[in-house]
Student: 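This structure is in structure tokens; I'll ask about it shortly.
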Protein chains: 2
Amino acid sequence: MRTLNERADVIPVIAEVFREYGFEGASLSRITETTGLGKGSLYHFFPGGKDEMARAVLAHVDGWFEREIYAPLRDDVPDAAIVRMWRGVDNYFRSGRRVCLVGAFALDGTRDRFAAAIASYFTRWIAALRDALVRGGWPPAAAADSAEEVVLGIQGALVLARATADTAVFGRALARLQTRLREPPVM
Amino acid sequence: MRTLNERADVIPVIAEVFREYGFEGASLSRITETTGLGKGSLYHFFPGGKDEMARAVLAHVDGWFEREIYAPLRDDVPDAAIVRMWRGVDNYFRSGRRVCLVGAFALDGTRDRFAAAIASYFTRWIAALRDALVRGGWPPAAAADSAEEVVLGIQGALVLARATADTAVFGRALARLQTRLREPPVM
DNA sequence: ATAACTCTGTACCTTTCGGTACAGCGAGTC
DNA sequence: GACTCGCTGTACCGAAAGGTACAGAGTTAT
């Protein structure tokens, strides 16, 4: 019964290939090379081919964020959950050295094919953060605005860090957004 | 002597294909289809093939921003130049319906190939905006920070607008960033 | 020991990829 | 009318794309 185990092990590796090259750029030959698996094994685990691999990878990323970020934001003490989010995000994106797979897919022509998964990733993130802020005493409108600003800022920081090959941008952006969430609006 | 004229006419069309599908996804067949030009004409204008097309497109985008945004930020009255930037950006990105070609290339595996052009586009934008703020009376450190925040915020907004197929995100982000540049820091 | 089942390598398929070669068209020039 | 010269369509190329077929190895259960 190693099937499930090994399939699960391969997904993060494939994810890295998609992350690095995008959907179109992630050729099967690159995937087989990186994973060390031949086409035989690959199509055994993912009969649907590249499309299924991408879906599995998106689901994997989504699962991680749901578990580590969204759920805590919805259920835990707001302040603690938000601290956890900052730590988790900085860790996940390797302080700007790693790019967001979902964001990369969104800009690609790939978007339409995985539209639902891509949109859901972002809207649920924003909704969860907004809820945490509201539970922390923020006015709903300001909470919604700031939640959107934070998620969008993280994506922008990743684009810029990658574009300029300067990971410090990411750290500065996180710091800026972080202070902004610490001081509730004056309204 | 129609050569230069027509080549110049084709570049924006090719740009749209790259913007929509990314470098890898923009196949020659899609380009011929969209431009209405056969391979013969295409390789007549761009002997270097896809690579040269991408470089021409990047140069075209860069030229537009240099002329319409960066130069005014450096040379004109700061307030007016910044107002012009907001108008120009909203217009250029069609209020979030259009994606940033340079940002898309940055996330792609394409980045390395065009690294210089991609990095320069962003660093010059940030530098120009920072200069305008400093000339407008901002402390240099705060100006640098806010300039980075604005450029990064625009990129993030484009990612999110595209990801959620909700252009309103872009408008809200622009409004937020705009108010932030209107009130100089307290420090 | 054998049967069943999971996994893997190899060979092969069609389509599309980026790119090339080139003959010819049409609008100017002399 | 002949001659450029800029442009275009067509046919073609080898390589790589994504995907399939399948025999067999390795393990596990009986």
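Every chain is numbered from 1, with letters handed out A, B, ... down the list of sequences.
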Student: Using whole Å, report how far CG of L37(A) lies from C1' of dT6(C).
Tutor: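 In whole Å, dT6(C) C1' lies 13 Å from L37(A) CG.
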Student: Could you tell me whether the side chain of L37(A) reaches within less than 4.5 Å of the side chain of T32(A), counting heavy atoms only?
Tutor: no
Student: So, taking the atom named CD in E52(A) and the one named CD1 in I14(A), what distance separates them when rounded to the nearest 0.5 Å?
Tutor: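 Going from the CD atom of E52(A) to the CD1 atom of I14(A) covers 10.0 Å.
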Student: Please determine whether a side-chain nitrogen or oxygen atom of H44(A) lies at a distance below 4.0 Å from atom OP1 or OP2 of dT8(C).
Tutor: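 False: H44(A) side-chain N/O out of range (4.0 Å or more) of dT8(C) OP1/OP2.
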Student: Rounded to the Å, how far apart are D9(B) CG and dT8(D) P?
Tutor: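 Rounded to whole Å, this separation is 11 Å.
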Student: Give the rounded distance in Å between these two atoms: CD1 of I31(A) and P of dA16(D).
Tutor: 17 Å
Student: Once you round it to whole Å, what is the distance between P of dC7(D) and CZ of R7(B)?
Tutor: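 Going from CZ in R7(B) over to P in dC7(D) covers 11 Å.
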Student: So how far is it from R55(A) CZ to I11(A) CD1, rounded to the nearest 0.5 Å?
Tutor: 13.5 Å
Student: Only distances under 3.5 Å count here; give the side-chain donor-acceptor pairs of residues 75-84 of chain B to other protein atoms, sequence neighbours excluded, each with its distance to 0.1 Å.
Tutor:
from	atom 1	to	atom 2	distance (Å)
R84(B)	NE	E68(B)	O	3.2
R84(B)	NH2	E68(B)	OE1	3.2

Student: Distance check needed: dG6(D) C1' versus F46(B) CZ, whole Å only.
Tutor: 15 Å
Student: For E52(A) and dG19(D), what is the distance between atoms CD and P respectively, to the nearest whole Å?
Tutor: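 These atoms are roughly 11 Å apart.
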Student: Could you give the CZ-to-P distance, from F45(A) to dG19(D), as a whole number of Å?
Tutor: 17 Å
Student: So do M53(A) and F45(A) actually touch side chain to side chain, heavy atoms under 4.5 Å?
Tutor: no
Student: For nucleotides 16-21 of chain C, give me one character per nucleotide, 5' to 3': B if any protein heavy atom sits under 4.0 Å from the base, S if the only such contacts are to the sugar-phosphate, - if neither.
Tutor: -SBBB-
Student: Are the side chains of Y121(B) and F114(B) in touch, meaning some heavy atoms are under 4.5 Å apart?
Tutor: no
